[in-house]
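Notes follow once the structure below has been shown.
Just so it is clear: chains get the letters A, B, ... in the order the sequence lines come, proteins before strands, and each one is counted from 1.
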2 protein chains.
Amino acid sequence: MNVPQGKSNGEIDRPARRVGRPTTTVLTRSLIAEAALRLLDESGADGFTMSRLAQALRVRPSALYNHVDGKEDVIAGVRELISDRIDVSAFATEPWDKAMQQWAYSYRVAFATHPPTIALLATLPVRGARRTLRMYDTVVAAMVRAGWPEEEVLSTIVAVESFILGSALDAVAPGDMFDPAGEEARVPSFASAYAARAAAIGATPPADGAFAIGLHAILDGLRARFGEITAGHSEGRFGPGGKAAKAPTSA
Amino acid sequence: MNVPQGKSNGEIDRPARRVGRPTTTVLTRSLIAEAALRLLDESGADGFTMSRLAQALRVRPSALYNHVDGKEDVIAGVRELISDRIDVSAFATEPWDKAMQQWAYSYRVAFATHPPTIALLATLPVRGARRTLRMYDTVVAAMVRAGWPEEEVLSTIVAVESFILGSALDAVAPGDMFDPAGEEARVPSFASAYAARAAAIGATPPADGAFAIGLHAILDGLRARFGEITAGHSEGRFGPGGKAAKAPTSA
DNA sequence: ACCTGAACACCGTTCAAGT
DNA sequence: ACCTGAACACCGTTCAAGT
């Protein structure tokens, strides 16, 4: 068990590597990121250690440090892998609200495909997020083009994203987290609503319903706001500046 | 530095305690939770270890295990401390939408007062959340009383909560996380919107604006949905069951 | 009942030695 | 340039010994 590589662990058998630079490349930053994502999916966030990652790559833990800055950097690599799968293409063809809805669902799916990463990525601040920046640029450009005031777009996007992230965290929480079994007398309204929901949704995950309701509501609210703005008297509701919304100037 | 208690560490001087049961109570579950919250505020989530917690309580780490199940249980205690400060009183007196708004702001403040706890509590599933259940019961009861269909309330509440939690995570992220400095050419729309936002909000934290916009939008959307429901033809938009909304029956 | 002290099985990270 | 192997300074948790 404390022998680092063995025939018994489902790994390919091979002779142990000796000290010194290997003759063929065994590690790269992206190989590490991919192995990390696989390890996360298999063993969860708790089982995700540098040792286990090294083991999966048939290497000693210290070898990883030739390619990444540390564990946080590995996680940053995983983030890139996942955010590459978020689809912003709808912003090129659809109206802003429909595009945002497709974006939100794609965002959710990208996370949901790898549940253990959600808490990890939610928690760890983004570093060197070049690709994430590109994604934002696409969304911002489309919103401004549609007529959203430039000083309000970012906050609007962040608001939607916050909802998506919060929903992803909710989706990953154990389903029976709030099962009121045995407490019906203490929390009668809750228990009754819990039973009513269970009866209504059947086998679909509860988190899906909350996501649909919330996304629909937030987009509805944003559409109303957009209507106010484009109706003409577009004094910002937020921010002390009170700057009038500018006409779209960029892109 | 490796002497566990010393005169040099800002702690009260006192003779070392000997082995054996202490004559006066030195630890309780709630003393541990309070010390944990203090430690979190002072040293952040990374500095929050059982050793440091024990040190703050002038005790050996193993002593903690007489009162809590482990680190996760300590965090559960911290959660109770914080969620006790979330104010649901508005649901007793205000219309559901205004109450929900006050609840959301109170929720946000409770977290924002202790930033390092946000990631910790967002990530860790709730265990034995008796008090949290009580909070939900209050909210559910008020919503049903107002006329929300019972099978939809829970998802609606969870949606709002997801937004609040996501926003809290956003608020705790480093402010310059997406500063496009030096990348203006690569992401021109984003850079322009970033500058416009900065000019508009002045010194207020960007996360505050996103929270205000998002909460307003989601409540706007929920009001619209509520209007549809109470207008009569209240077939649920969600869930395959297609059950007609029931008249409020409980509390 | 509830503390200390010692021990266990881990962590992430650094760095010299080796090719 | 890039691996191994050894070492460092931690972790969280368990448990016997002691009062």
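- For the pair B:I32 CD1 and D:dT13 P, the interatomic distance rounds to 12 Å; values are reported in whole Å.
- Atom-to-atom, CG of B:L57 to C1' of C:dT4 comes out at 15 Å; the value is rounded to the nearest Å.
- Protein atom CG of B:D69 is 13 Å distant from nucleotide atom C1' of D:dG12, rounded to whole Å.
- In this structure, CG of B:L64 is placed 11 Å from C1' of D:dT13, rounded to the nearest angstrom.
- Nucleotide C:dT14 holds its P atom 12 Å from the CG atom of A:D73, rounded to whole Å.
- Taking the nucleotide of DNA chain C with the nearest heavy atom to each of A:A63 and A:T49, the more 5' of the two is matched to A:T49.
- When the side-chain nitrogen and oxygen atoms of A:N66 are compared with OP1 and OP2 of D:dC3, one or more of them lie within a distance under 4.0 Å.
- Using a 4.5 Å heavy-atom cutoff, the side chains of B:I82 and B:L37 are in contact.
- Listed by first and then second residue, the salt bridge (charged side-chain N to carboxylate O under 4.0 Å, His left out) pairs involving residues 22-32 of chain A are A:R29-A:D73, A:R29-A:E80 (not counting sequence neighbours).
- Applying the side chain to side chain contact (heavy atoms under 4.5 Å, CB included) test to B:T156 and every residue at least two apart in sequence or in another chain returns A:I213, B:M143, B:W148, B:E152, B:L222.
- A donor-acceptor distance shorter than 3.5 angstrom exists from the side chain of B:S83 to the backbone of B:R79, with no hydrogens or angles considered.
- Taking only side-chain nitrogens and oxygens, A:H67 never comes nearer than 4.0 Å to OP1 or OP2 of D:dA1.
- Protein atom OH of B:Y65 is 18 Å distant from nucleotide atom P of C:dA6, rounded to whole Å.
- The shortest distance between the side-chain N/O atoms of B:S62 and the OP1/OP2 oxygens of D:dT14 is not below 4.0 Å.
- Proximity note for B:M50 (side chain, C-beta onward) versus C:dC3, D:dG12, C:dG12: the nearest is D:dG12.
- For B:V59, whose side chain is taken as the heavy atoms from C-beta onward, the closest listed nucleotide among C:dT4, D:dT4, D:dT13 is C:dT4.
- With sequence neighbours excluded, no residue satisfies side chain to side chain donor-acceptor pair (under 3.5 Å) with B:N66.
- Here side-chain hydrogen bond (donor to acceptor under 3.5 Å, both in side chains) pairs that include residues 30-50 of chain A, with residues two or more places apart or in two chains, are A:D41-A:H114.
- We find that CD of A:E72 is positioned 18 Å from P of C:dC11, with the value rounded to whole Å.
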Each base of DNA chain C marked ( ) or [ ] if paired in-strand (Watson-Crick or G-U under 3.5 Å), | if paired to another strand and . if unpaired gives ||.|||||...|||||.||

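- Checking the phosphate oxygens (OP1, OP2) of D:dG5, a side-chain nitrogen or oxygen of A:R60 falls inside 4.0 Å.
- The side-chain hydrogen bond (donor to acceptor under 3.5 Å, both in side chains) pairs that include a residue from residues 158-174 of chain B are B:Y107-B:E161, B:Y136-B:E161, where partners are two or more places apart or lie in different chains.
- Distance CG (A:D46) to P (D:dG12): 13 Å, rounded to an integer number of Å.
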